[in-house]
2 protein chains.
Amino acid sequence: MKKERATIHDISKALGIDSSTVSRALNDSPRVSQKTKGLIIKKAKELGYQRNSLASNLRTNKTHTIAVVIPRISRYFFSTVIAGIEETAHEAGYNVLICQSLDSIDREKKIMSTLISNRVDGIIISISMETTDYKHLEAYQSLEKPIIFFDRPCFLKNCSNITIDNVHASFMATEHLISQGCTRIAHLSGSQKIELYRQRQKGYMAALKKHNLEANAKHIFESGLSEEDGMASAKKILELKGIDGVVSANDTAAISAMKYFKTQGVKVPEDIAVVGFNNDPISAIIEPSLTTIHQPAFEIGKMASRTLLEQMTDNLKEQQISSTLLDSELIIRSSSQKK
Amino acid sequence: MKKERATIHDISKALGIDSSTVSRALNDSPRVSQKTKGLIIKKAKELGYQRNSLASNLRTNKTHTIAVVIPRISRYFFSTVIAGIEETAHEAGYNVLICQSLDSIDREKKIMSTLISNRVDGIIISISMETTDYKHLEAYQSLEKPIIFFDRPCFLKNCSNITIDNVHASFMATEHLISQGCTRIAHLSGSQKIELYRQRQKGYMAALKKHNLEANAKHIFESGLSEEDGMASAKKILELKGIDGVVSANDTAAISAMKYFKTQGVKVPEDIAVVGFNNDPISAIIEPSLTTIHQPAFEIGKMASRTLLEQMTDNLKEQQISSTLLDSELIIRSSSQKK
DNA sequence: CTGTTAGCGCGTTCAC
DNA sequence: GTGAACGCGCTAACAG
């Protein structure tokens, strides 16, 4: 019952041709005549030969596999990015390995370690919320293999970033609230150790400044942006009194803040308008009135994959390092125009 | 700049211990003393050693990788299943390779071929809509490695299935409409070559029979269940006159049928109530009134992964072949009670 | 408990 | 254009 798999040696013996020639033929080397190539390929099919990539990988130190490291695959944004990555990678003959960090630095470190062991040819990653130093990423880089960051920017040496223009997006979001008549706008911000949240806060500040609104440090609530954080910040916002708009650096906090406002009898968006980032279809069900920044997930995935493929195949790495900013879009589901 | 990676030989030389002992120590074999183990592990860290899985894989013919083959990752159902698979697999030290068939048999065949080349240790698959014969799957089986089917049942020899009880779910859906007062219920059915759709049709028929409703072949619309198919079937349903309920074998067709009904001034669910299968958050946005069968995606993923892991590690394959039916749930978002 | 031997299946030198 | 020989890094099998 146990079928032994055919190897190049089997077809070498069957044909009386050396196995090295068989190998070359199967790799379509130009150094083998069309005649013998034909013969070999025919015999290969006949024997049901399937290349053993394991052996090939060991020899060439390439796996034709790229890894995607993300916080959570079931978030619509990330699964859509992966769809984009997969499409591009698949066309180029690459496999895609999925790894979830669950926003834990420990898991991310473990993942990097197995990716090094497995010698994946490249990595596309949205770093975990807890990631503030990059030794585990640099260890991978020392294999001379490329890393691409997306969604959450990271200016590691020799790495490309594929993100939206977060400063601009946050600016747009804030300006939208101002155009709706908001004058005292709070910001649910994330840790300022994280570049992403620095950028989003920067955009918020810039919009206030442009419109001559007071930038009050008390209006900025830095937190982990979890559901509980959103609740807690919302509570503080109400205690402050007079806040009429909120720009949240993510959707989780935005939605839980909105929930809290409602439980306190505060109307959204009439009394306080809220803008969030990057929200899923599912948050649209929970809070249909949330205005949000939409990221072009599929395009981000394709671009990340394309960039990675380039860096894997060419040797001119140095020149190619880039930061690509894709367009985002403000999606307005309900008006909050102040009288 | 190019750092050479340390191998077991480097740490073997550095310590004057044979490389095979080093290998055993690093694999935590009980046949190495704690003392030397400690020494070796310490030295390994010192040299920044990271196992080369490629070599290990070649030797053991195992990859510690399982593949998930699905139609589309960006569908919420599938990405959630993957989350479940990943959780279980990761705990057990396995990697997860993602492959999208895009419901194309040709792509599925290619995928199977590369999975054979890559010697993944097991496969979890929801077969494509176009898959009606299974040679490409049997080729993989001949490597003596297990395949688990989920979502779309497939009774290939020696393979386990993890699905909901489709007959029962479809029965529930149909009975729900009957309880709402529907008496002429149509069925948007899929190809009867596909087991999944046979089962769903069976449940529909059974419910009609139980409640002494006429089972009319004209009320069954077999199609590819695409958006266009949904439209076309909806049109035919209206031409039939008198239909007051529709059980659709998937959500895509259900939603497009509902859309068509509305364009024709038919009220949903008042005039015609519709029940779909397996719908995403996103379809709930498009059609908030759609009643639907909900599958426990995360649980399905965990169960599939667990079953696969068992079959990969044990040798008693024969005994373990099983069909696991997980519970599904009817989610009712709006009443369609007939007067 | 540890060392020795012998490959896993392929790709890459070299020769010719 | 083709063949012979070697080795990628690791581990199974067998000694001792």
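Numbered from 1 within each chain, the chains take letters A, B, ... in sequence-line order.
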ask   = CZ of R119(A) versus P of dC8(D): gap in Å, rounded?
value = 14 Å
task = With sequence neighbours left out, write down each residue that passes side-chain hydrogen bond (donor to acceptor under 3.5 Å, both in side chains) with R51(B), or none if nothing qualifies.
result = N27(B)
ask   = Under the side-chain hydrogen bond (donor to acceptor under 3.5 Å, both in side chains) test, which residues partner T131(B), sequence neighbours left out?
value = E108(B), S128(B)
query = Whole Å only: how far is the NZ atom of K62(A) from the P atom of dC8(D)?
reply = 17 Å
Contacts of S113(B) that satisfy side-chain contact (heavy atoms from CB on, under 4.5 Å) - sequence neighbours left out = Q50(A)
query = Salt bridge or not for R72(B) and D103(B), using N-O below 4.0 Å?
reply = no
Dump every N/O contact between nucleotides 12-16 of chain D and the protein below 3.5 Å, one line per pair.
unit_1	atom_1	unit_2	atom_2	d
dA13(D)	N6	R24(B)	NH1	3.3
dC14(D)	N4	R31(B)	NH2	3.2

inquiry  = Rounded to whole Å, please give me the gap between NZ in K13(B) and C1' in dC10(D).
reply    = 14 Å
task = For I41(B), check side-chain contact (heavy atoms from CB on, under 4.5 Å) against everything at least two apart and list the hits.
result = L26(B)
ask   = Does a salt bridge link K43(B) with E46(B), judged by any charged N lying under 4.0 Å from a carboxylate O?
value = yes
query = Which is the 5'-most and which the 3'-most nucleotide of DNA chain C that has an atom under 4.0 Å from a heavy atom of chain B?
reply = dC1(C) to dG9(C)
All pairs passing side chain to side chain donor-acceptor pair (under 3.5 Å) where residues 58-71 of chain A contributes a residue, at least two apart = T63(A)-D121(A)
E87(B)/K302(B) salt bridge by N-O under 4.0 Å criterion = yes
inquiry  = What is the separation between atom CG on L58(B) and atom P on dG7(D), rounded to the nearest whole Å?
reply    = 17 Å
inquiry  = Can you see whether S104(B) engages E130(B) through a side-chain donor-acceptor pair at a distance of less than 3.5 angstrom?
reply    = no
query = S191(B): what forms a side-chain contact (heavy atoms from CB on, under 4.5 Å) with it, not counting sequence neighbours?
reply = K193(B), I194(B), E222(B)
request  = Whole angstrom is fine here: how far is it from CD1 in I11(A) over to C1' in dG3(D)?
outcome  = 15 Å
key: Net bend of the helix from dC1(C)-dG16(D) to dC16(C)-dG1(D), end axes of five pairs each, nearest 10 degrees   = 30°
ask   = Heavy-atom contacts under 4.0 Å between residues 33-57 of chain A and DNA chain C, which residues?
value = Y49(A), R51(A), N52(A), A55(A), S56(A)
request  = Give the C-alpha distance, both sets of side-chain angles, the deciding distance and a yes or no for side chain to side chain contact (heavy atoms under 4.5 Å, CB included) between T163(B) and T324(B).
outcome  = CA-CA 6 Å; T163(B) 63; T324(B) 306; over 6 Å; no
key: side-chain contact (heavy atoms from CB on, under 4.5 Å) partners for A83(A), two or more places apart   = F298(A), I73(B), S74(B), Q100(B)
N61(A) CG to dC8(D) P, straight-line distance once rounded to whole Å = 12 Å
query = Taking CG from D10(B) and C1' from dC8(D), how many angstroms apart are they, rounded to a whole number?
reply = 14 Å
ask   = How would you label the contact of N27(B) with the nucleic acid (heavy atoms, under 4.0 Å): base, sugar-phosphate, or nothing?
value = sugar-phosphate
remark   = Residues at least two apart in sequence or cross-chain that pass side-chain hydrogen bond (donor to acceptor under 3.5 Å, both in side chains) with T88(A), listed by chain then number, are none
